[in-house]
Amino acid sequence: MKQNNNEMNENKNMIEEIVKINEQRITNDINEIDGIKRIDFIDIFPISEEHRMKLDYEVKKVSKLIDSTEKGNFYLLDNPIKTKWGDLKFLKIRFYDKSKLYYEAAPDFEVENWEKLKEKSNSDRRFKFIERQKWKAIEFKTDNCLVYFLNPLVTKVYGIKI
């Protein structure tokens, strides 16, 4: 059964509301970082297991499931969400984790010069360099902001065209 436009908008609104709250929360801090090109994707942190199930249920109606991982489900939105940093087309609904309750979401961004930002991470305690077997990341964390700069970009790993 096909959804009408009102139903699709209601489903997307729940996710869009979280994205917009996060956008407002991080804007001042993220403006300190030079060379941000665009938003790559966003992790959404549910506040309970019930909330996670509802988010997954709602986002499935307006997107395509791309992958299920040990941290959550990746989705490609049918229609992107507009942000200050470009169209958000790709997101992950994280599995419920009590340690992630302070932030509603954590976006990933593409930057003009990832190596230059990595150098800055050595001298600014708000930055943390993370290295795993298949990827590297720079975390930027303040009281209001939790964002990441991954290398390679998540959209590139999944072959998502932005």
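For clarity, every value in this text was computed on a predicted model and none was experimentally measured.
Here the side chains of Ile44 and Glu104 are not in contact, with every heavy-atom distance at 4.5 Å or above. The shortest side-chain heavy-atom distance between Lys141 and Arg126 does not fall under the 4.5 Å cut-off. Side-chain contact between Ile138 and Lys128 is absent, with no heavy atoms from C-beta onward closer than 4.5 Å. Between Arg38 and Leu153, some side-chain heavy-atom pair lies under the 4.5 Å cut-off. Using a 4.5 Å heavy-atom cutoff, the side chains of Phe127 and Glu139 are not in contact. No side-chain heavy atom of His51 sits under 4.5 Å from any side-chain heavy atom of Tyr96.
Annotation: Tyr148 is not in aromatic contact with Phe140 [ring centroid separation under 6.0 Å not met]. Aromatic pair Phe45/Tyr102: centroids not less than 6.0 angstrom apart.
Interatomic distance, CD of Glu112 versus CD1 of Ile36, reported as 10.0 Å (0.5 Å rounding). Atoms OG and CZ, from Ser68 and Phe95 in turn, are 6.5 Å apart once rounded to the nearest 0.5 Å. Rounded to the nearest 0.5 angstrom, Ile21 CD1 and Ile18 CD1 are separated by 7.0 Å. We find the CD1-SG distance between Ile26 and Cys145 to be 5.0 Å, quoted to the nearest 0.5 Å. A distance of 10.0 Å separates NZ in Lys54 from OG in Ser48, rounded to the nearest 0.5 Å.
Between the side chains of Asn22 and Tyr103, no donor-acceptor pair of N or O atoms lies under 3.5 Å. Side-chain contact, Thr27 with Lys84: a donor N or O sits under 3.5 Å from an acceptor N or O. If you check the side chains of Thr142 and Asn144, you find no donor sitting under 3.5 Å from an acceptor.
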Subject >> Verdict with supporting geometry, Lys20 and Glu23, salt bridge (charged side-chain N to carboxylate O under 4.0 Å, His left out) >> reply: CA-CA 5 Å; Lys20 293 301 179 184; Glu23 181 179 66; 3.6 Å; yes
**OP:** Could you walk me through whether Leu55 and Met14 pass the side-chain contact (heavy atoms from CB on, under 4.5 Å) test, one step at a time?
**Re:** CA-CA 8 Å; Leu55 288 170; Met14 184 179 193; 3.9 Å; yes
Original post:
Yes or no on side-chain contact (heavy atoms from CB on, under 4.5 Å) for Ile81 and Asp87, after CA distance, side-chain angles and deciding distance?
Top reply: CA-CA 6 Å; Ile81 297 171; Asp87 288 349; over 6 Å; no
**OP:** Apply the test side-chain contact (heavy atoms from CB on, under 4.5 Å) to residues Val59 and Leu91: give CA-CA distance (whole Å), side-chain angles for both, the deciding distance (0.1 Å), then the verdict.
**Re:** CA-CA 10 Å; Val59 78; Leu91 60 88; 4.0 Å; yes
Subject >> Full working for side-chain contact (heavy atoms from CB on, under 4.5 Å) between Lys136 and Ile130 >> reply: CA-CA 6 Å; Lys136 299 173 187 174; Ile130 302 165; over 6 Å; no
**OP:** Check the pair Arg52 / Asp56 against salt bridge (charged side-chain N to carboxylate O under 4.0 Å, His left out), numbers first and verdict last.
**Re:** CA-CA 6 Å; Arg52 182 204 58 82; Asp56 266 332; 2.7 Å; yes
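Stacking of Lys92 on the aromatic ring of Phe41 is not recorded, the 6.0 Å distance cut-off and the 45° axial limit not both being met.
With respect to Ile93, the side-chain contact (heavy atoms from CB on, under 4.5 Å) criterion is satisfied by exactly one of Tyr75, Phe74, Tyr57: Tyr75.
A chain of hydrophobic side-chain contacts below 4.5 Å, direct or via other Ile, Leu, Val, Met, Phe, Trp or Tyr residues, connects Leu65 to Ile15.
Residues Lys116 and Glu119 are not paired through a salt bridge, judged by the lack of any N-O separation under 4.0 Å between the basic side chain and the carboxylate. Asp78 has no carboxylate O lying under 4.0 Å from a charged side-chain N of Lys64, or vice versa, which leaves the two without a salt bridge.
Classification of the Trp85-Phe109 ring pair by plane angle, with boundaries at 30° and 60°, yields perpendicular.
Looking only at distances, a side-chain donor or acceptor of Asp40 sits under 3.5 Å from a matching main-chain atom of Val154.
Looking at every heavy atom in both residues, Ala105 comes nearest to Ile42 through CB-CD1, 3.6 Å. Residues Pro107 and Ile39 come closest through the heavy atom pair CB-CD1, 3.9 Å. Leu88 and Leu77 get closest at one heavy-atom pair: O-CD1, 3.6 Å.
No more than 12 heavy atoms of other residues, nucleotides or ligands lie within 6.0 Å of CD in Glu50, so this atom counts as exposed by the packing criterion.
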